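Notes follow once the structure below has been shown.
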There are 2 protein chains.
Amino acid sequence: MNRLPMCEEECVHESAVAATKCGMLEEGEYLDLADLFKLFGDPTRLMILHALEQQELCVCDLAALLNLTKSAVSHQLKGLRLANLVKFRRDGQNVYYALADGHVRSIIDIGLEHLHE
Amino acid sequence: MNRLPMCEEECVHESAVAATKCGMLEEGEYLDLADLFKLFGDPTRLMILHALEQQELCVCDLAALLNLTKSAVSHQLKGLRLANLVKFRRDGQNVYYALADGHVRSIIDIGLEHLHE
DNA sequence: TTAATAGTTGAGCAATTATTCAACAGTTAG
DNA sequence: CTAACTGTTGAATAATTGCTCAACTATTAA
């Protein structure tokens with residue numbers, strides 16, 4: 001996000017850049033989008049999300065499934081909660097987590113498709 | 001990826017965990033998938049990808065469009081290249097980059113859909 | 001009430017990463 | 001050839017981040 005030296009302005013296809021600039025989103029959109037995709041950029045969170053694709057699970061289940069501490073799982077779930085990727089309900093001592101909507105599955109599926117082609 | 005203390009094994013819904021475990025992928029898949037999504041987890045790379053959704057551009061164009069140095073753009077493009085998200089062709093002094101396939105657009109679109117709902 | 005279990009949270013540490021800088025390679029023009 | 005330009009690369013730095021640890025809250029049972 002720094003200012004450009006003049007020489008970098010000279011070598012550009014100006015009309016192409018101008019046209020592309022019109023189609024760009026506001027900077028905040030890219031920041032929000034990046035924060036969302038960062039959540040998919042960690043194997044632990046991907047495993048949590050993929051597990052929850054299959055069924056609702058409590059924190060302890062996820063910890064046992066993935067060989068992690070409850071604390072580590074809870075920290076990751078917090079990020080997923082704040083991004084509205086998972087929802088939760090308390091039942092007695094347990095807190096059960098589930099996917100909030102179908103976007104998680106869609107994104108993971110496209111990612112796997114890309115890897116396997 | 002540490003070993004669990006015994007107490008964490010006791011509080012688990014064992015059949016749910018066992019069933020979920022069967023549906024999980026191999027660990028390497030989650031690592032690869034995370035590496036892929038990490039590329040979407042940075043605003044600069046997202047802007048590069050979104051610009052290339054609109055048209056093929058050279059490194060200098062991207063640098064001017066995004067107010068970055070050519071070096072910064074080139075570094076980011078390297079990651080995108082290694083993940084087969086972008087392709088490139090040289091024409092004289094310029095190297096033109098374009099999206100490699102439709103997965104980038106699909107993933108970004110779903111991400112935006114999630115943010116805006 | 002006390003004890004036990006499930007879950008959350010904040011601080012701190014180790015590892016990852018985005019950018020800058022400087023040097024280098026490839027192409028074109030004179 | 002040299003000079004100018006586009007683009008790449010490696011090292012270094014600054015910022016981010018995932019996990020652990022310890023302390024805490026909440027619910028249940030005795």
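So that the names make sense, note that chain A is the first sequence line, chain B the second, and so on, each numbered from 1. This is a predicted model, so every value here is computed, not measured.
Taking only side-chain atoms of A/R90, from C-beta outward, the nucleotide of C/dT9, D/dG7, D/dA26 with the closest atom is D/dA26. For B/S74, the listed nucleotide lying nearest its side chain is D/dT8; candidates were D/dT8, C/dA18, D/dC19.
Sorted by first and then second residue, the salt bridge (charged side-chain N to carboxylate O under 4.0 Å, His left out) pairs involving residues 100-113 of chain A (not counting sequence neighbours) are A/E53-A/R105.
The separation between B/N67 atom CG and C/dT20 atom P is 11 Å, rounded to whole Å. Atom C1' of nucleotide C/dA18 and atom CE of B/M47 are separated by 12 Å, given to the nearest angstrom. One interatomic measurement links the two molecules: OH of B/Y30 to P of D/dG18, which rounds to 18 Å at whole-angstrom precision. Computed from coordinates, the B/L82 CG to D/dT9 P distance equals 9 Å when rounded to whole Å. Rounded to an integer number of Å, the gap from A/F40 CZ to D/dT17 P is 16 Å. The separation between B/K38 atom NZ and C/dA15 atom P is 15 Å, rounded to whole Å. Here D/dC19 presents its C1' atom at 14 Å from CG of A/L66, a figure rounded to the nearest Å.
Across all strands shown, A/Y97 has heavy atoms under 4.0 Å from sugar-phosphate atoms exclusively, and none from any base.
Close to D/dT9, at under 4.0 Å from its OP1 or OP2, lies no side-chain N or O of B/S71. Contact check, A/N94 against D/dT27: no side-chain N or O comes under 4.0 Å of OP1 or OP2. Note on A/Q76: a side-chain N or O is less than 4.0 Å away from OP1 or OP2 of D/dC19. Within the structure, every side-chain polar atom (N or O) of A/R81 is placed at least 4.0 Å from both OP1 and OP2 of C/dG7. Residue B/R45 places none of its side-chain N or O atoms closer than 4.0 Å to OP1 or OP2 of C/dT17. Checking the phosphate oxygens (OP1, OP2) of D/dT8, no side-chain nitrogen or oxygen of B/K78 falls inside 4.0 Å. OP1 and OP2 of D/dT8 both lie 4.0 Å or more from every side-chain N or O belonging to B/K70.
In the interface, the side chain of B/H75 is paired with the base of D/dG10 through a donor and an acceptor atom under 3.5 Å apart. No N or O donor and acceptor, one from the side chain of B/Q93 and one from the base of C/dT28, sit under 3.5 Å apart. Checked by distance alone, A/T69 brings no side-chain donor or acceptor within 3.5 Å of a matching partner on the base of D/dC21.
At least one test fails for A/R45 against the ring of A/F40: distance under 6.0 Å to the centre or angle within 45° of the axis.
Taking the nucleotide of DNA chain D with the nearest heavy atom to each of A/D42 and B/L77, the more 5' of the two is matched to B/L77. Each of B/D91 and B/D35 was assigned the nucleotide of DNA chain C with the nearest heavy atom; the assignment lying further toward the 5' end belongs to B/D35.
There is no side-chain donor-acceptor pair under 3.5 Å between A/H13 and B/E56.
Remark: side-chain polar atoms of B/H114 are not paired, donor with acceptor, to backbone N or O of B/I110 under 3.5 angstrom.
Closest of all the heavy-atom pairs between A/C60 and A/K70 is SG-CD, 3.9 Å.
Just one residue in the list B/L36, B/I48, B/L99 forms a side-chain contact (heavy atoms from CB on, under 4.5 Å) with B/L85, and that residue is B/L36.
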